[in-house]
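Within every chain, numbering begins at 1; the chains are lettered A, B, ... in the order of the sequence lines, protein sequences first and strands thereafter. Given the structure is predicted, the values throughout are model-derived calculations rather than measurements.
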Number of protein chains: 2
Amino acid sequence: MEVNSIKINFATYLQVGIFASSKPNFTMNTAQNTKDRIIELGRNYMQRIGYHSFNYKQIALELNIKNASIHHYFPSKEDLGLAVIEKDRQDFIYLTQKVKKAKAMDKLEALIASYEYYYREGKKLCVISTFSSSYNEITERMQLAASQYAELVTAWLAATLKEGLESGEFSFKGSVEDLANIWMAMMPGALLVGRTGGQAAFDRTINSLRQTVKSS
Amino acid sequence: MEVNSIKINFATYLQVGIFASSKPNFTMNTAQNTKDRIIELGRNYMQRIGYHSFNYKQIALELNIKNASIHHYFPSKEDLGLAVIEKDRQDFIYLTQKVKKAKAMDKLEALIASYEYYYREGKKLCVISTFSSSYNEITERMQLAASQYAELVTAWLAATLKEGLESGEFSFKGSVEDLANIWMAMMPGALLVGRTGGQAAFDRTINSLRQTVKSS
DNA sequence: TATAATCTACCTGTATGTAGGTAGTTGCTT
DNA sequence: AAGCAACTACCTACATACAGGTAGATTATA
């Protein structure tokens, strides 16, 4: 009993350590149980090394559980892939709620901050581009989930751009939809460019992106 | 003797078929021997499904040779990866030579044409973004080769943008280097966006990219 | 005691890579 | 020009490693 309670406390301590070094994408880390922790670590690995290069063993080692235990929560890898996409989508929705009353530029900056975080924390890709990169070799359900999530972000971007345009905060030529597309392409593109070109290339690209809403 | 000559003719016939269905990236297909054909098919697969998902067996089947024969030409997968990057770099150089005397916009259109070809032929990524996607799980030599190749393209873009700006063909704000960075991010970004968003999303992104050199 | 969480111990498939061999060609030497 | 060496382009067969996944037992918890 005592041994067990010590074990549990130590595990809890470890979890805190894990959380501290693997911050969430958009929001505070809410992983408390093993299942959430698996999703969190899975997302991390997928963004770093891709859906296919990631494997259960890596997570099992970090959580001090066995491979088979992960299958208990996620019978197939696809299940975990879908859970990661869904978690990221929820976190994105949470972010948009949090900045609902902020200025349009601050909304965009909140999204940019996520991407800057991705880059700094191990040159990660965002979840959408992670699955886009592997698009031709993932199941249809994952393709669909990724596409729907991408559409959600695109719609939010368009709405935010429209808002800033109508309030006079932004000024740009071309349609709101076109600029939303540019952001959708350039944000993951900046992460890719940052991988080969380093921090400076990443920063320049993000700064150029910011300029697109300022009388361009 | 006769049997052999028939065999050879049949093999030659097959090769023609293979070439017809796997066009090159920037230039005419020059693959004549097995080694070049392996590079060509390898590049194709890598752009479609990524460096790690691609495997020797797929090529072996298509070329009607055995797995081990590919190791004869490329002892390790890294060797083939490096050969693919180098081949693509050479093809890019060939493309730039071909359009050396063209107008700046035509130069950019030549590059765009490659990307439209990638998208239409199986939603491929470009070689640089293929290796960027797997950047954290490829060898240092491949990282370096990809980075150097990316730098080459960036420099060519900057030179071309400068050329068009000075001739009055283009008009844009911001520095030539910044716009080169935008192109470097948006072209692969368009391919990623096209995977989740389909042809329309890809086309819109590419069209937006074209607008960046026209009084933006 | 029922259920959840986790374990041990497997199986299957497959990818990279190696060892060693063969048939045919090219090139060198006398 | 004959004969041998060396090379090219493959082959068969195997070694190694590891990933995804399953079955059934065990332990902890409500």
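The NE2 atom of A:His52 sits 14 Å away from the C1' atom of C:dT14 (whole-angstrom rounding). Atom CD1 of B:Ile59 is separated from atom P of C:dT16 by 10 Å (rounded to the nearest Å). Taking atom CG on B:Leu61 and atom P on C:dA15, their separation rounds to 10 Å, with Å as the unit. We find that OH of B:Tyr56 is positioned 20 Å from P of D:dT16, with the value rounded to whole Å. Residue A:Ile38 contributes atom CD1, which lies 11 Å from atom C1' of C:dT6 at whole-angstrom precision. Regarding A:Ile65, its CD1 atom lies at a distance of 8 Å from the C1' atom of C:dT6, rounded to whole Å. Whole-Å rounding puts the A:Tyr51 OH to D:dA19 P distance at 14 Å. Rounded to whole Å, atom P of C:dA5 lies 19 Å from atom NZ of A:Lys66.
Between B:Tyr73 and D:dC10 there is a side-chain polar atom (N or O) within less than 4.0 angstrom of OP1 or OP2. Taking 4.0 angstrom as the limit, B:Lys77 places a side-chain polar atom (N or O) nearer than this to OP1 or OP2 of C:dT16. The shortest distance between the side-chain N/O atoms of A:Thr34 and the OP1/OP2 oxygens of C:dT6 is below 4.0 Å. Between A:His72 and C:dT6 there is no side-chain N or O to OP1 or OP2 distance below 4.0 Å. Residue B:Ser69 places at least one side-chain N or O under 4.0 Å from the OP1 or OP2 atom of D:dC11.
Between B:His71 and B:Tyr56, the ring planes are tilted. Angles from 30° to 60° get that label. Under the 30°/60° scheme for interplanar angles, the aromatic rings of A:Phe202 and A:Tyr119 are found to lie parallel.
In the set C:dT8, C:dA15, C:dT18, C:dA15 carries the atom at the smallest distance from any side-chain atom of B:Asn55. Here the side chain of B:His71 is nearest to one of C:dG17, D:dT12, D:dG21, namely C:dG17.
B:Phe74 comes within 4.0 angstrom of nothing in the nucleic acid, heavy atoms only. No engagement by A:Asn67 is indicated, since no non-hydrogen atom pair under 4.0 Å with the nucleic acid exists.
Within the 3.5 Å criterion, the main-chain N or O of A:Leu125 finds no donor-acceptor partner in the side chain of A:Ser129.
In this structure, A:Lys124 forms no cation-pi arrangement with A:Tyr117, as its terminal cationic atom is not both closer than 6.0 Å to the ring centre and no more than 45° off the ring axis. A cation-pi arrangement is not found for B:Lys77 relative to B:Phe54, the charged atom failing to lie both closer than 6.0 Å to the ring centre and inside a 45° cone about the ring normal.
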